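Heads up, the thing below is written out as structure tokens.
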Amino acid sequence: MSGKIKITIIEPSEIVTTGLKRLIEQNGSFNVVKTFSTLQEYGEMPNGNPDIIIINPMIVSDTGSSDPRSLLQANDNTAVMAINYGPYDEDAFRSYDGYISIFNTREQIEKRLSVAQKNTSDKETYDDSNELSLREREILTAVAKGKTNKEIADEFNISIHTVISHRKNISHKLGINSIAGLTIYAVMNKLLDVDDF
Amino acid sequence: MNNHIFTAKTKMAEIITDYSLLTIIDRLNIKLGFGDASIDEICRRHNLSTDLFMMICRVYAIDGFAPDISNLTKSDIPKLIGYLQRTHKYWIESFFPNLHTNIHTMLESCDERSAKILNKFYDDYDDEIQKHLDYEENTVFPYIISLGEGKKDLANKFRIKDFEENHSNIEEKLHDLKNIVIKYLPESASQQSRINVLNEIFKIENDLNKHSVIENKILIPLVSKYE
């Protein structure tokens, strides 16, 4: 069994589960190790660190959660994928590492599984700490002072593209997108004086 | 609503299973006490298109739902506007004042520094909301209503695409405020008052998101069909 990509399916419909398992396993490199019909069943068993968890997204949205990874307590190198049943935007699956559609061909499904698995297992080098780097703190301070991307680029002698990429990382780390919100963070963390604005 | 597989023949009472669906029928002026009447029957009684009703329900019930407006017609426009106006009314008269009161209570227990900046942040946000809704109520909706009545005011240069381009995102700052209260406000701020603020935000977040979907993916494409 070693070397095979281990897959867990969480899906209430036995038809879907059985069909999906049959399709996936026709390719020798995938192995569906466990199937569950409810989240509760999944929770009662040790999850066995599969490489991929495929879950019906209704199960996730019914809990009110928008973060399937933490709901499933999945490991960082487990890819969490959704099954797309119909008229959904891709946007609906942004919180997943990928999705397969019930209208996909076997080849498409294999490809999507491989891509999601590869992207997730490569993620180890990704900086997951939410600490801002020194440079990010400097840029955040400048943003909070109301400087434009162009002004910041000139001040730090970097390209506008780099400024934008720093700003994206800052917002991602802090969970704050608006300039007003970033200013609050800067003041609370004493990067900026309260009288500065 | 757990089960989004409902049809026009489903009993209306069966789909009212959570807070958001209850809100929808109230905003569409549908009164409770359906007995065993179907969605179709109730909609007919209220002179409301079943397609429109089910579309709004699905927007709320299914995250990422992409509405298909091909069955909607001009006569759905006033109903849709009425729905959006009632939503705005609820936000302005009830939700935001409530949030405001809760935020003030929370800030009373904060250090002066945090209180000062958060106060300013919220006041600015309040202005932004007011402007956003005023624009819709005073410019966008009157234009759509007159269009629906068949009046083409050629002097009015406004077109629905201007709305599409100017439709700002009012969810962003609320999302930021939520994370600030959860992550960054110092521990000294009273726990209960923080929880009250967060509960208010959780209540409205989904409503704001779904409201944008209805405006961007139903209202705008529907109106542009008739321009």
Side-chain angles (χ1 to χ4, degrees), chain A residues 12-13 38-39 56-68 82-96 99 101 130-132 140 143-146 170-197, chain B residues 1-5 17-20 55 58-68 110-128 168-186 188-189 202-203 205-206 209 212-213 216-217:
Chain A
S13 156
T38 63
L39 204 53
N56 180 327
M58 291 302 292
I59 295 183
V60 177
S61 56
D62 280 351
T63 65
S65 164
S66 56
D67 183 0
I83 307 173
N84 182 357
Y85 277 83
Y88 301 100
D89 275 356
E90 292 207 4
D91 276 4
F93 305 108
R94 252 191 313 201
S95 51
Y96 294 84
Y99 68 89
S101 159
N130 278 354
E131 286 287 308
L132 296 183
L140 169 61
V143 170
K145 281 183 181 159
I170 292 167
S171 288
H172 178 77
K173 285 183 179 179
L174 301 181
I176 302 178
N177 292 308
S178 64
I179 294 179
L182 291 170
T183 307
I184 293 199
Y185 177 87
V187 172
M188 279 183 175
N189 288 278
K190 307 201 166 59
L191 297 172
L192 201 66
D193 200 74
V194 73
D195 301 315
D196 271 1
F197 70 103
Chain B
M1 186 168 53
N2 190 347
N3 181 2
H4 66 274
I5 308 164
T17 50
D18 71 13
Y19 173 78
S20 58
M55 199 176 288
R58 289 195 168 115
V59 167
Y60 272 83
I62 307 171
D63 283 337
F65 178 71
D68 168 13
C110 280
D111 60 294
E112 201 185 324
R113 188 185 176 91
S114 308
K116 188 176 164 195
I117 46 166
L118 270 175
N119 222 338
K120 179 168 181 339
F121 176 88
Y122 190 75
D123 285 347
D124 289 348
Y125 180 61
D126 227 17
D127 284 348
E128 190 182 315
S168 59
N169 170 347
I170 50 173
E171 296 97 288
E172 188 180 61
K173 281 195 184 156
L174 202 66
H175 166 87
D176 289 354
L177 180 63
K178 180 183 75 178
N179 279 339
I180 288 166
V181 176
I182 294 175
K183 293 171 79 177
Y184 303 118
L185 202 61
S188 58
F202 291 148
K203 234 168 48 184
E205 252 187 334
N206 190 45
N209 288 334
S212 301
V213 175
N216 295 334
K217 302 212 167 145

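All values reported here derive from a predicted model rather than from experimental measurement. To find a chain, count down the sequence lines: A is the first, B the second, and so on, and within it residues start at 1.
Among all heavy-atom pairs drawn from Arg113(B) and Lys190(A), the shortest one is NH2-CA, 3.6 Å. Smallest separation of non-hydrogen atoms from Gly175(A) and His175(B): O-NE2, 3.5 Å. For Ser61(A) against Asp63(B), the heavy-atom pair with the smallest separation is CB-OD2, 4.3 Å. When all heavy atoms of Ile117(B) and Met188(A) are compared, the pair lying nearest together is CD1-CG, 4.0 Å.
Atoms CG and OH, on Asn189(A) and Tyr184(B) in that order, are 8.0 Å from each other to the nearest 0.5 Å. Rounded to the nearest 0.5 Å, atoms OG (Ser66(A)) and CD (Glu205(B)) are 8.5 Å apart. Note: Ile184(A) CD1 to Lys116(B) NZ = 12.5 Å, rounded to the nearest 0.5 Å. With rounding to the nearest 0.5 Å, the separation of CD in Glu171(B) from CG in Asn177(A) is 11.5 Å.
Side-chain atoms of Ser178(A) and Tyr125(B), non-hydrogen and from C-beta on, never get closer than 4.5 Å to each other. Within the 4.5 Å cutoff, the side chain of Lys183(B) has no heavy atoms near those of the Ile176(A) side chain.
Residue Leu182(A): no heavy atom, backbone or side chain, is found under 4.5 Å from chain B. There is no contact between Leu177(B) and chain A, counting heavy-atom distances below 4.5 Å. With a threshold of 4.5 angstrom between heavy atoms, Ile182(B) does not approach chain A through any atom at all.
For Ile170(B), the CD1 atom counts as densely surrounded, since its 6.0 Å shell holds more than 12 non-hydrogen atoms of other residues, nucleotides or ligands.
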